[in-house]
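Owing to the predicted nature of the structure, the values given are computational and were not obtained by experimental measurement. By convention here, the first residue in the shown sequence is residue 1.
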Amino acid sequence: MTTPAHASGHLAAPRPIPWALILGTWTTYGLFSSATSFISSAMRGSPLQWWAALLLQMPQFGIWALATPGILWLGRRFPFERGTWPRSVAVHVAVCCTFVFLQDLGYAWHVANVLPPWPNMRPLLTRAVQLFVVWILSDGALYWAVLAVSYVVEHQRRLRERELAASQLETQLAQADLHALKMQLHPHFLFNALHTIGALVRTGDQETAVRVVAGLGDLLRRMLDGASQQEVALRQELDFVRTYLAIEQIRFRDRLTVAITADDDVADARVPHLILQPLVENAIRHGIAPHARAGRVTVCARRLGDRLHLIVRDDGPGIGNGERVTAQPGIGLSNVQARLTKLYGDDFSLEVCDAVDGGLEARVTVPFRLAPADRERER
C-alpha cells in the first residue's frame, strides 16, 4: 500500500544528514590539512609544532562543519532547476564569496594570536583580502563540493523513491488485474448454478433444490473468504471443486461421475485461487454436456520434483487429432492462462490435449511452494 505522499505524486521531504557524518567528514579533512601544513612547513625550513598545525587548521574545518547544514538548506531552497537556475547561481556565488571572506578574516585574526607576530605585519583587513584572493578557488570549491554531494545524494534518494513508488504501483495494478480476472469467473459460474436451481424448482424437486442452494451458499462463502487471496492451499481448492462438482452432479444426475485424487504431500501446496474450477467447467461443457451417454471427470494433483502438476481429464471425444492446443479466447482457459502469467511469468505451463486413454486432458504445471508454516514443518 502506498503512502499518501506516493499516491498523490509528491516525494517525501529529504532526511537531514546526520551530524556524526558531517563532523566525521570535516574532522578527517581537518586532520589531513593539519598534516599537510606540518609537513610543508618542515620542508620550507620553518617547521611548526604539531599542536600549532592542529590549532591553525582545525578551527577552520569546525566552521565548515557548522556551516554545512546551512549550505545544504540553501541548496534545497535555491536548486538548479530549469527557469530558476540563474537566480540560484547568483545566490550561491554571493553566499560562497561572503562565507569564504568571513572565514579568511577569522583565520587572519586567529593566526595573529597563535603564531608570533612578524615584522611589517599588515592590517587585519588587508591580510584577510590577501587570503581571500589566494584561497577563493580552493575554499569556494569546497562550498560547491558540498552542494554537489548533496545534489547527488538527493537525486539518488528521489530515484529510489520513484522506483519504489513505481514498483508498488505495478504490484497494485497486477493485483487489480488478477482480481478482475477472478471476478470474471463468478457471474458465469453463478449463472449455471442458478439455472440448475430454477430447473429443479420447475420440476417440483424442492429437496434437491434446497441442497443446491446450500451448496451454492457454501461456494459463495468460499469465494468471499478467498476474495483477497491470489493463492490458497491446494486442499482448499479441491474442497471448492468437490462442492462445485456436487452441484453439477445434481444437474446431470447419473450422466456425471467424479474422481478426485491428490498425493498426501501436495495438500498444502500453494495454487492460484479458483484455478481448477474453470478447467472442470470446461471439461463438463465439452466432454459431458453435449452427449447423452454418461461421462467421467477426473481431477488429479501430484508433485514431481519442484513442480506441482494439476490435471483435469474428461472421457469425452477429445480434440480428435492428438494435437496440443493453447487457451482459446473467452472466460475459461484464456482466463486461467492470463492469471498464471501474471502470477508466475514464464515459470508455468498450461496445455490441453487428447488423453492417452481417450478424452481431453488439461494440464497445469506450477512451482511447488508451501505456505510459510508448512515449510517450517517440512524442515
Side-chain angles (χ1 to χ4, degrees), residues 178 181-182 184-185 188-189 226 229-245 248-249 256-291 295-371:
L178 284 166
L181 288 170
K182 284 172 63 176
Q184 286 182 9
L185 299 174
H188 192 259
F189 159 71
Q229 297 176 283
Q230 293 303 335
E231 289 184 308
V232 298
L234 177 61
R235 68 170 75 250
Q236 294 177 238
E237 188 68 11
L238 292 177
D239 286 344
F240 186 95
V241 168
R242 287 189 183 96
T243 304
Y244 171 78
L245 284 171
E248 292 293 82
Q249 283 182 298
L256 173 61
T257 57
V258 173
I260 298 178
T261 60
D263 295 342
D264 293 337
D265 61 341
V266 301
D268 295 311
R270 309 304 292 179
V271 297
H273 187 218
L274 298 182
I275 200 67
L276 289 174
Q277 187 272 331
L279 299 179
V280 171
E281 181 178 335
N282 192 68
I284 292 174
R285 177 188 295 179
H286 299 290
I288 307 298
H291 313 289
R296 181 182 182 88
V297 172
T298 303
V299 180
C300 177
R302 63 175 181 265
R303 177 183 181 181
L304 294 177
D306 62 348
R307 312 295 291 178
L308 176 66
H309 293 254
L310 305 173
I311 301 170
V312 176
R313 181 185 304 118
D314 66 71
D315 60 355
I319 299 174
N321 55 13
E323 295 182 356
R324 288 176 169 80
V325 298
T326 57
Q328 300 298 317
I331 293 176
L333 294 180
S334 61
N335 185 296
V336 170
Q337 185 166 26
R339 293 182 60 211
L340 289 170
T341 299
K342 290 185 178 297
L343 283 170
Y344 304 109
D346 295 328
D347 194 19
F348 79 94
S349 66
L350 169 63
E351 60 182 21
V352 179
C353 61
D354 286 327
V356 175
D357 53 351
L360 196 67
E361 189 172 87
R363 302 173 185 170
V364 176
T365 304
V366 296
F368 182 85
R369 295 196 302 239
L370 293 173

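Taking all atoms of both residues into account, the shortest heavy-atom contact from A362 to V352 is CB-CG2, 4.2 Å. Considering every non-hydrogen atom in both H286 and P317, the closest pair reads O-CD, 4.4 Å. Residues L274 and P278 come closest through the heavy atom pair O-CD, 3.2 Å. The heavy-atom pair separating V366 from Y344 by the smallest distance is CG1-CE1, 3.7 Å.
One finds the CG atom of L245 at 10.5 Å from the CD atom of E281 (value rounded to the nearest 0.5 Å). If you take CG on L310 and CZ on R363, they are separated by 12.5 Å, rounding to the nearest 0.5 Å. Note that CZ of F368 and CG of D268 are 8.0 Å apart. Values are rounded to the nearest 0.5 Å. To the nearest 0.5 Å, atoms OG1 (T243) and CG (L238) are separated by 11.0 Å. Interatomic distance, I260 CD1 to L276 CG, rounded to the nearest 0.5 Å: 8.5 Å. Once rounded to the nearest 0.5 Å, the distance linking CG of D314 with NE2 of H291 reads 8.0 Å.
Among residues two or more places apart in sequence or in another chain, the side-chain contact (heavy atoms from CB on, under 4.5 Å) test is passed with H309 by R302, L304, R307, T365. With sequence neighbours excluded, the residues forming a side-chain contact (heavy atoms from CB on, under 4.5 Å) with Q236 are V232, A233, listed by chain and number. Residues forming a salt bridge (Lys or Arg N to Asp or Glu O under 4.0 Å) with E231 (at least two apart in sequence, or on another chain): R369.
When each of L279, V297, V312 is tested with I284 by the rule side-chain contact (heavy atoms from CB on, under 4.5 Å), just one qualifies, namely V297.
Annotation: side chain of D357 is in contact with side chain of R313 (closest heavy-atom distance under 4.5 Å).
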Inset, instruction - Go through D315 and I288 one step at a time and tell me if the side chain to side chain contact (heavy atoms under 4.5 Å, CB included) criterion holds. - result: CA-CA 8 Å; D315 60 355; I288 307 298; 4.1 Å; yes
Inset, instruction - Could you give me the CA-CA distance, side-chain angles and deciding distance for R303 and D263, then say whether side chain to side chain contact (heavy atoms under 4.5 Å, CB included) is met? - result: CA-CA 8 Å; R303 177 183 181 181; D263 295 342; 5.5 Å; no
Inset, instruction - Test D354 against L360 for side chain to side chain contact (heavy atoms under 4.5 Å, CB included), laying out the working first. - result: CA-CA 5 Å; D354 286 327; L360 196 67; 4.0 Å; yes
Legend entry - Full working for side chain to side chain contact (heavy atoms under 4.5 Å, CB included) between I275 and L340: CA-CA 9 Å; I275 200 67; L340 289 170; 4.1 Å; yes
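In terms of modelled atom types and a separation under 3.5 Å, the side chain of R285 and the main chain of G287 share no donor-acceptor contact. A donor-acceptor pair is defined here as one N or O able to donate and one able to accept, closer than 3.5 Å; no such pair exists between the side chain of Q277 and the backbone of F240.
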